[in-house]
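Take a look at the structure below.
Below, all heavy atoms of this structure are taken into account, side chains as well, without hydrogens, waters or symmetry copies. Numbering of residues begins at 1 and proceeds along the displayed sequence. Predicted model only: the values in this text are computed from it and were never measured.
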Amino acid sequence: MPVRIRNTIVHTEDLIEEEGRVLDTPWRVAVVAAVIENPWYGTDPDTDLSAGLDIGEELGVHLAEALCAALGGPECVQAYGKSAVVGLGGEVEHTSAIIHTPRFGKGARSVIGSSGLIYSTNSRGPAGAVITVPITHRDDDALRDYYMSFDIVPAESPAPDEIVVVLAGATGPRPFARLGSRASDQVAMDQEALAVAAGSPALEGVSE
């Protein structure tokens, strides 16, 4: 089933100053979206959605190419995330059939050269709905310094028979990020668990 892209939206932002300080390197974020005709518009709730596999891969490649162009190349996409919103005439399941399959991620990662999962949101809404996209590091989702989310508001989309599919990214971690990796939290939690098991004096006399 060929995908019919009605229009592509590209939004970029360069953050030059934060908290009164000029950044050494501007932090660029980009959100790219493909507004497509919903291929399952008007179908029954039990309609087969397997065609979404091919649609997802095609859109993954298309959006990743647009994201790389917006951020300055594949190596500049240091964090990413995805989202999809179906118009009021469709099902949320239609969005899942496109972005929640291995094919979408495979297509996007083949362009970007990354290995990490692409975190996501999906929903149903009217034209002008706020679409929020979460992002994490391209290869290691434990790196909290890259956790962020971006919004895009397509004024005229999605129409009832449309789906808006989005890929967002950033050129680096948040400005002044300093929380490190969640992996270090696990080490600390393991040490606390060992202390509890050993009857740490700090816990003696504690009761509910």
Side-chain angles (χ1 to χ4, degrees), residues 1-13 29-71 74 77 79-114 116-136 138 141 148-170:
M1 181 184 294
V3 59
R4 182 179 175 188
I5 299 176
R6 291 181 170 170
N7 63 292
T8 300
I9 302 167
V10 179
H11 173 80
T12 61
E13 180 178 345
V29 300
V31 184
V32 298
V35 180
I36 70 168
E37 179 181 73
N38 184 350
W40 303 289
Y41 177 70
T43 60
D44 295 327
D46 56 357
T47 298
D48 177 55
L49 303 178
S50 58
L53 291 173
D54 292 334
I55 293 174
E57 187 163 0
E58 182 178 347
L59 286 174
V61 169
H62 172 75
L63 291 173
E65 289 176 343
L67 183 63
C68 288
L71 291 180
V77 183
Y80 54 28
K82 62 186 176 181
S83 184
V85 174
V86 66
L88 296 179
E91 304 174 52
V92 174
E93 195 72 2
H94 298 165
T95 64
S96 293
I98 294 174
I99 67 169
H100 289 162
T101 69
R103 298 281 188 87
F104 184 95
K106 174 188 173 185
R109 284 187 290 269
S110 70
V111 174
I112 296 169
S114 59
L117 293 174
I118 308 176
Y119 282 67
S120 66
T121 62
N122 61 312
S123 60
R124 176 169 52 196
V130 177
I131 304 174
T132 300
V133 191
I135 68 167
T136 57
R138 57 182 278 159
D141 63 5
M148 190 66 182
S149 61
F150 304 113
D151 294 335
I152 185 171
V153 183
E156 298 181 352
S157 301
D161 66 338
E162 292 178 337
I163 302 174
V164 181
V165 184
V166 185
L167 190 65

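- Between the CG atom in L67 and the CD atom in E65 there is a gap of 11.0 Å [rounded to 0.5 Å].
- Of the options I152, I131, V86, a side chain to side chain contact (heavy atoms under 4.5 Å, CB included) to V164 is made by I131 and by none of the others.
- Judged by distance alone, with hydrogens and angles left aside, the side-chain atoms of T101 form no donor-acceptor pair with the main-chain N or O of L53 at under 3.5 Å.
- Across A30 and A70, no two heavy atoms sit closer than the pair CB-CB, 3.8 Å.
- Shortest non-hydrogen contact noted between L71 and V29 is CD2-C, 4.0 Å.
- Contact detail for S123 and T95: the closest heavy-atom pair is O-CG2, 3.9 Å.
- Across all non-hydrogen atoms, the minimal contact from I98 to F104 is O-CB, 3.5 Å.
- At a threshold of 4.0 Å, the pair D161-R4 does not count as salt-bridged, since none of the basic side-chain nitrogens sits closer than that to a carboxylate oxygen.
- L63 contributes atom CG, which lies 10.5 Å from atom CD1 of I99 (distance to the nearest 0.5 angstrom).
- At least one side-chain heavy atom of C68 sits less than 4.5 Å from a side-chain heavy atom of I112.
- With rounding to the nearest 0.5 angstrom, the CD1 atom of I163 is 11.5 Å from the CZ atom of R124.
- Without hydrogens or angle criteria, S83 side chain to T121 main chain gives a donor-acceptor distance under 3.5 Å.
- Taken to the nearest 0.5 Å, the OG1 atom of T47 stands 10.0 Å off from the CH2 atom of W40.
- Residue I118 comes nearest to G105 through the heavy atom pair CD1-CA, 4.0 Å, listed as atom of the first residue, atom of the second, then distance.
- Annotation: side chain of V77 is not in contact with side chain of S114 (no heavy-atom distance under 4.5 Å).
- For the residue pair H100 and N122, the shortest heavy atom distance occurs at CE1-OD1, 3.2 Å.
- Judged by distance alone, the side chain of R138 and the main-chain N or O of G116 form no donor-acceptor pair under 3.5 Å.
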- [ ] Could you walk me through whether V31 and I9 pass side-chain contact (heavy atoms from CB on, under 4.5 Å), step by step?
- [x] CA-CA 8 Å; V31 184; I9 302 167; over 6 Å; no
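- Around the CD atom of E156, the shell of radius 6.0 Å holds no more than 12 heavy atoms that belong to other residues, nucleotides or ligands.
- Inter-residue side-chain proximity for H62 and T8 is flagged as met; some heavy-atom pair is nearer than 4.5 Å.
- For the atom pair OG (S50) and CD1 (I55), the distance works out to 9.5 Å, reported to the nearest 0.5 Å.
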